[in-house]
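Computed from a predicted model, the values in this text were never measured in an experiment. Here is the naming used below: chain letters follow the sequence lines, and residue numbers restart at 1 for every chain. When reading the values below, keep in mind they use all heavy atoms of this one structure, side chains included, and skip hydrogens, waters and symmetry mates.
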Number of protein chains: 2
Amino acid sequence: MGMTKRKEKAARKIPSPVVRRLAKYRTYVNDVAFRGLKWITSKDLAADLGLTNATVRRDIFYLNFSGHTNRGYSIENLERVLTRVLGLHKECDIVIVGAGNLGRALAMHGDLARMGFRIRGIFDSDKKLKRKKVSGLVIQSMNALSAVVKKYAVSIGIIAVPSTAAQLVANQLVKAGVRGVLNLACANLKLPKSVHVVEARIAAGLSELCCCVQIAAGRESAALA
Amino acid sequence: MGMTKRKEKAARKIPSPVVRRLAKYRTYVNDVAFRGLKWITSKDLAADLGLTNATVRRDIFYLNFSGHTNRGYSIENLERVLTRVLGLHKECDIVIVGAGNLGRALAMHGDLARMGFRIRGIFDSDKKLKRKKVSGLVIQSMNALSAVVKKYAVSIGIIAVPSTAAQLVANQLVKAGVRGVLNLACANLKLPKSVHVVEARIAAGLSELCCCVQIAAGRESAALA
DNA sequence: TAGATTGTTAATCGATTAACAATC
DNA sequence: TAGATTGTTAATCGATTAACAATC
């Protein structure tokens, strides 16, 4: 294969807790770069993100990226490496299924465009929405999904339909050929292991918070008693 | 205190990976209850959610809830216990900050109302939106936030503003007195440890998927070579 | 009864953290 | 130089899984 030792090292799989933090690091360095900073230490990065400096160095170790003694990491270079590792250095084609409030909100979402996600189509089974426009895109019927996914080699689909329809839509997306799914619905999707699923956890996140604040409240009243 | 041994056991803190799965279990049992099932085994639950039966039993063990040999768990009772543990047995008051597309989409979101989340206010700093209505609620200026949070003892705030404003809004929510924050923006919030933060991970989730599908694609082409 | 399933402990696995030599 | 900081290994911690007695 002619691969150098160095490349082999870089290619080993990054554990998903680390990937999740890398996305945070990228948001962070993006932000501090904008504010004009040039260098960041593992200590400062950790403090700002609520982590330990050991975790930060361990994570960056996966990137096969080097910092400098006494100065830390070059923000510009770290941003470039993180962007590349996360696959954000090239545009990424996505589709949105569901043109209700949530789907339309995402289609119009500035952050996504800024990060290089290109929305190649928005679909809805509701005939009444067909041919209406959202953010420059014409809403299409579900029949058109497969052709669009193939035409643009779309790798990621966003599910923004009611939870009752989520599994059905997920199946259609997978059949059409997407490799990853972002699920905004409150539903447990059952998909082949080859397809990556990320939950946006809106409803589930609120449940979790509800649980946490309840426990916290209980502790407080117990402490007062 | 007169607490029985049993109660003490139930009160011990549930680790957050477990809480996250409990929310999944609840969605699941809610669904199968609707379909008329009465009993579910740890084996079937695990298979449907992509877990091991050991994990399911270990998790339910935290609930201080008993199943039945040979039959598994009563779906009705499990649903009740999960609902209570997650704090969804009583209505939960929330506010939404940001009345853009995303904020309005959430305000109109059926799942949240169905789960017992009561939206007590929607706020935006944009004067042009003031007094407009969303889903029966009048959009209010940020000045009104604190009074509403106090009046209804709101414990959770949803951040649906552009990422540049997220930290500022988070600070305002915490100052107003919320105990938990659901963050829909792509920003790393820095808040007191006493405040629980859950990330909806829309942009971050897409990054993660982008990273995963890219690696998967690389593997495939490597396999072909 | 034999088989299925739970409840619970102990073993395993993986992620985080501590430690520290190397370096500037 | 002394001090700060990285890169990397080893130790620790916590979560998941395996195992199995108890039970129906």
Side-chain angles (χ1 to χ4, degrees), chain A residues 5-10 12-25 29 32 37-78 81-82 85 193 208 211, chain B residues 5-10 12-25 29 32 37-78 81-82 85 193 208 211:
Chain A
K5 192 109 187 182
R6 193 171 171 84
K7 271 190 187 167
E8 277 182 77
K9 183 181 156 193
R12 78 186 173 303
K13 194 180 173 304
I14 301 176
S16 73
V18 178
V19 173
R20 280 194 286 275
R21 281 194 300 269
L22 294 180
K24 278 181 178 250
Y25 298 166
V29 293
V32 294
L37 270 179
K38 298 294 177 205
W39 296 90
I40 187 81
T41 63
S42 59
K43 188 162 162 271
D44 290 347
L45 209 167
D48 285 344
L49 296 184
L51 305 166
T52 68
N53 59 4
T55 300
V56 169
R57 286 201 302 281
R58 193 73 186 71
D59 287 348
I60 290 175
F61 185 48
Y62 281 104
L63 301 176
N64 199 23
F65 172 76
S66 287
H68 290 264
T69 321
N70 279 317
R71 282 182 292 173
Y73 303 94
S74 151
I75 287 172
E76 192 188 333
N77 291 340
L78 183 55
V81 170
L82 286 169
V85 168
K193 279 187 303 297
E208 195 182 323
C211 177
Chain B
K5 192 111 189 180
R6 193 170 171 84
K7 271 189 187 168
E8 275 182 78
K9 183 182 157 194
R12 78 189 174 301
K13 194 180 173 306
I14 302 175
S16 74
V18 178
V19 173
R20 279 194 285 275
R21 281 194 299 269
L22 294 181
K24 278 181 180 251
Y25 298 166
V29 293
V32 293
L37 271 178
K38 298 294 176 204
W39 296 90
I40 187 81
T41 64
S42 58
K43 188 162 162 271
D44 290 347
L45 209 167
D48 285 344
L49 297 184
L51 306 166
T52 68
N53 58 4
T55 300
V56 169
R57 286 202 303 280
R58 193 74 186 70
D59 288 347
I60 290 174
F61 185 48
Y62 281 103
L63 300 176
N64 200 23
F65 171 76
S66 287
H68 290 264
T69 320
N70 280 318
R71 282 183 294 174
Y73 303 95
S74 152
I75 287 172
E76 193 189 332
N77 291 339
L78 183 55
V81 170
L82 285 168
V85 168
K193 278 186 304 299
E208 195 182 324
C211 176

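- The 5' end of DNA chain C is approached more closely, in terms of each residue's nearest nucleotide, by A/Leu51 than by the other of A/Asn70 and A/Leu51.
- Minimum atom distance to the side chain of A/Phe61 is reached by D/dG7, of the listed D/dT17, D/dT6, D/dG7.
- For the pair B/Arg57 CZ and C/dT9 C1', the interatomic distance rounds to 12 Å; values are reported in whole Å.
- Nearest heavy-atom pair across A/Asn53 and A/Ala46 is N-CB, 3.5 Å.
- The line from CZ of A/Arg20 to CD1 of A/Ile14 is 13.0 Å long, rounded to the nearest 0.5 Å.
- In DNA chain D, runs of at least 3 consecutive Watson-Crick or G-U pairs, each pair with both distances below 3.5 Å, span C:3-24 with D:3-24.
- Tested against B/Val32, the residues B/Asp44, B/Leu45, B/Ile75 include a single side-chain contact (heavy atoms from CB on, under 4.5 Å) partner, B/Ile75.
- Taking for each of A/Ser42 and B/Pro17 the nucleotide of DNA chain D with the nearest heavy atom, the 5'-most of the two is the partner of A/Ser42.
- At least one side-chain nitrogen or oxygen of B/Arg21 sits closer than 4.0 Å to the OP1 or OP2 atom of D/dT16.
- Side-chain N/O atoms of B/Tyr73 include one lying less than 4.0 angstrom from OP1 or OP2 on C/dG7.
- Distances from the side chain of B/Ala54 to the nucleotides D/dT17, C/dT5, D/dG7 place D/dT17 closest.
- Within the 4.0 angstrom heavy-atom criterion, base atoms lie near B/Thr55.
- With rounding to whole Å, B/Leu78 atom CG is found 15 Å from C/dT5 atom C1'.
- Distance A/Asp59 CG to C/dT16 P: 7 Å, rounded to the nearest Å.
- Rounded to whole Å, the distance from CD1 on B/Ile40 to P on C/dT5 is 11 Å.
- A/Leu51 is listed as a side-chain neighbour of A/Tyr25, based on a closest heavy-atom distance under 4.5 Å.
- We find that CZ of A/Arg58 is positioned 18 Å from P of D/dC13, with the value rounded to whole Å.
- Not one side-chain nitrogen or oxygen of B/Thr52 sits closer than 4.0 Å to the OP1 or OP2 atom of D/dT16.
- Taking the ring centre of B/Tyr62 as origin, the terminal cationic atom of B/Arg58 falls inside the region bounded by 6.0 Å and 45° from the ring axis.
- Closest of all the heavy-atom pairs between A/Cys211 and B/Val85 is SG-O, 3.5 Å.
- A heavy-atom distance below 4.5 Å is found between the side chains of A/Tyr73 and A/Ser42.
- The separation between A/Asn53 atom CG and C/dT17 atom P is 10 Å, rounded to whole Å.
- Taking atom CH2 of B/Trp39 as the reference point, atom C1' of C/dT5 lies 12 Å away to the nearest angstrom.
- For A/Lys13 and C/dG14, the NZ to P distance is 11 Å, given to the nearest whole Å.
- Distance from the side chain of B/Pro15 is smallest for D/dA15 among the nucleotides D/dA15, C/dA15, C/dT6.
- Between A/Thr69 and A/Val18, the residue anchored nearer the 5' end of DNA chain C, judged by the nucleotide with its closest heavy atom, is A/Val18.
- Residues B/Arg71 and B/Thr41 share a closest heavy-atom pair of O-CG2, 3.8 Å.
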